[in-house]
Amino acid sequence: MVDTDSGWDGRGGRGSYGSRDTGVTRGVRGARAADAIPGRRVAAPDRRVAIPDRRFAAPGRRVAAVSLVALAALATGCEPGTATGAPEASPPARPTQAAAASPTRTAPVTEDAKPRTAPPPSPSASTAAPAPAPDPTTARPDPEPSTAPPPRVLMRTGSESDRVRELQARLRQIGHFGRNPTGYYGSVTADAVRSFQAKRSLPVTGSTDEVTWQRLLAMTRVPKAAELRPPTERPLAAPDERCLKGRVLCISKNSRTLAWMIDGKVVSAMDVRFGSEYTPTREGVFEVFWKSRDHVSTLYDTPMPYALFFSGGQAVHYSADFAANGYGGASHGCVNVRDKKKIAALFGQVRTGDKVVVYW
């Protein structure tokens, strides 16, 4: 234990204030030395330490405030702000408000930043000039109904002429008529005309008007004589041996043809059709016993022009129905011819008594 009365400073020797000092001197120096005694020396440092505590108290609080702000900033993602004291750093809401303003967060939604209901236009669309809106004042009025008369009809069902034959030949050139021309405008020809009109976006009537005719002429060439009047639509059959002598109407049911022959030579040929199974055409060797140019059937009340009778009421004659409908129908037993000019020429050449041979 340190002796406070001896002047020892506790460092292993006497202090500067030894026993040689006088009383006065000791009193004065003792007073000074009293400050240097260990007990008092400790008190002074304590006071010096206390002063620094007061001096650094505020910085200590600043550090604490800054630490709070930093922790709040790290929690919200914001950069730390500058704080001057603890009260300013105490509310935790301010770092959150700073976080809302941070560029790393989504900015507050404004009217311009609201989601669009449609995607923005592409660069090409934004640079393209907008299409001008139609001016309602310059809108075109509805077209008035046409007052032009319809085109004149040149041929229709029932017509019969060389022009009809040419029509059929031209339609056959482009695949609308599948038969040889007959010169008669029947249902087959009307169907062929309808097919042509529909394919060319013309009014589909089945009749040949000026517009249809001119369109057909522009698409086809002038038919040759063999196209206009072929001998038959079907090839001739080999003639029966009974047909090789004399003047004979050689009629084959197999090939459905009639060959007008003189001494084994074919003078003319034409397509024919026969009676149905209920009214069959008779077979055998006959002769023409009656010629009637403008005959009308008393049994069926139908025309039988250029009739050449060879067996009872059966005759070779022109048939408008055969010309119109082809082999879709049948006769009542007669031999029908559909080429009117050919049967007319035949009628003028055949004489009563000429032979008729009907065979398979």
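- At least one donor-acceptor pair under 3.5 Å links the side chain of K342 to the backbone N or O of A269.
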Going through the checks in order, is the side-chain hydrogen bond (donor to acceptor under 3.5 Å, both in side chains) test met by T257 and S255? CA-CA 5 Å; T257 58; S255 65; 2.6 Å; yes
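- The shortest heavy-atom contact between M304 and S297 is SD-CB, 3.6 Å.
- The two atoms that bring A192 and H176 nearest to each other are CB-O, 3.1 Å, heavy atoms only.
- Stacking of R247 on the aromatic ring of W260 is not recorded, the 6.0 Å distance cut-off and the 45° axial limit not both being met.
- Annotation: side chain of M261 is not in contact with side chain of V267 (no heavy-atom distance under 4.5 Å).
- A donor-acceptor contact shorter than 3.5 Å links the side chain of T281 to the backbone of G333.
- Pairs passing the ring-ring contact (aromatic ring centres under 6.0 Å, His included) check and including a residue from residues 329-360, sequence neighbours excluded, read Y300-H332, Y306-F347.
- Going from atom CE of M219 over to atom CD of Q214 covers 13.5 Å, rounded to the nearest 0.5 Å.
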Stepwise side chain to side chain contact (heavy atoms under 4.5 Å, CB included) test for R163 and W213: CA-CA 10 Å; R163 179 180 274 185; W213 179 243; 4.3 Å; yes
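- For the pair R256 and F274, the cation does not sit on the ring face, since its NZ or CZ is not both under 6.0 Å from the ring centre and inside 45° of the axis.
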For L216 and T212, run side chain to side chain contact (heavy atoms under 4.5 Å, CB included): C-alpha distance rounded to whole Å, both residues' side-chain angles, the deciding distance at 0.1 Å, then the answer. CA-CA 6 Å; L216 181 62; T212 301; 5.6 Å; no
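- Using a 4.5 Å heavy-atom cutoff, the side chains of N336 and Y318 are not in contact.
- The nearest pair of heavy atoms linking G326 to R338 is CA-NH1, 3.9 Å.
- The pair R273-D321 counts as a salt bridge, with a side-chain nitrogen and a carboxylate oxygen less than 4.0 angstrom apart.
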Applying side chain to side chain contact (heavy atoms under 4.5 Å, CB included), run through M270 and L346 and close with a yes or a no. CA-CA 10 Å; M270 56 203 75; L346 180 65; 4.1 Å; yes
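- Taking CG of L308 as the start and CD1 of I343 as the end, the distance is 5.5 Å to the nearest 0.5 Å.
- A distance of 8.0 Å separates OG1 in T279 from CD in Q314, rounded to the nearest 0.5 Å.
- I251 and W290 are members of different hydrophobic clusters when ILVMFWY side chains are connected at heavy-atom separations under 4.5 Å.
- Salt bridge R242/D240: present, at least one basic N to carboxylate O contact under 4.0 Å.
- You'll find the side chain of V211 stays beyond 4.5 Å of the side chain of R152, heavy atoms only.
- Residues T182 and D339 have side chains that never bring a donor and an acceptor to within less than 3.5 angstrom of each other.
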Could you walk me through whether L249 and V358 satisfy the side chain to side chain contact (heavy atoms under 4.5 Å, CB included) test, starting with their C-alpha distance in whole Å, then the side-chain angles of each, then the deciding distance to 0.1 Å, before giving a yes or no? CA-CA 8 Å; L249 293 175; V358 180; over 6 Å; no
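- Distance alone, capped at 3.5 Å, is enough to place a donor-acceptor pair between the S331 side chain and the G275 backbone.
- Taken together through direct or relayed side-chain contacts under 4.5 Å among Ile, Leu, Val, Met, Phe, Trp and Tyr, V285 and V288 form parts of separate hydrophobic clusters.
- For the pair F310 and V335, the minimum side-chain heavy-atom distance is below 4.5 Å.
- A side-chain donor-acceptor contact under 3.5 Å links R170 and T220.
- In this structure, the separation between OG on S161 and CD on E166 is 9.5 Å, given to the nearest 0.5 Å.
- Both L171 and L202 are members of a single hydrophobic cluster when ILVMFWY side chains are connected at heavy-atom separations under 4.5 Å.
- Listed here is the closest heavy atom pair of D263 and K245: OD1-C, 4.3 Å.
- Without hydrogens or angle criteria, Y184 side chain to F322 main chain gives no donor-acceptor distance under 3.5 Å.
- Residues L258 and C250 are not in side-chain contact: their nearest non-hydrogen atoms beyond the backbone lie 4.5 Å or more apart.
- Side-chain atoms of R165 come within 3.5 Å of backbone atoms of P181 as a donor-acceptor pair (strictly under, hydrogens ignored).
- Contact check for T208 versus V153: no side-chain heavy atoms found under the 4.5 Å cut-off.
- F309 and V316 sit in two unconnected hydrophobic clusters of ILVMFWY residues. Membership requires side-chain heavy atoms under 4.5 Å apart, directly or through other members.
- Taking all atoms of both residues into account, the shortest heavy-atom contact from A307 to H317 is CA-CB, 3.7 Å.
- Under the 4.0 Å criterion applied to side-chain N and carboxylate O atoms, E227 and R221 are assigned as salt-bridge partners.
- Across all their heavy atoms, A324 and G186 have their closest contact at CB-CA, 3.3 Å.
- Going from atom CG of D162 over to atom CG of L167 covers 12.5 Å, rounded to the nearest 0.5 Å.
- By the 4.5 Å heavy-atom criterion applied to side chains, D354 and V248 are not counted as neighbours.
- Rounding to the nearest 0.5 Å gives a distance of 12.5 Å between NZ of K355 and CZ of F286.
- A chain of hydrophobic side-chain contacts below 4.5 Å, direct or via other Ile, Leu, Val, Met, Phe, Trp or Tyr residues, connects V164 to L154.
- Using modelled atom types, one side-chain atom of K291 and one backbone atom of V350 make a donor-acceptor pair closer than 3.5 Å.
- Residues in residues 276-287 take part in these salt bridge (Lys or Arg N to Asp or Glu O under 4.0 Å) pairs, two or more places apart or across chains: K253-E283.
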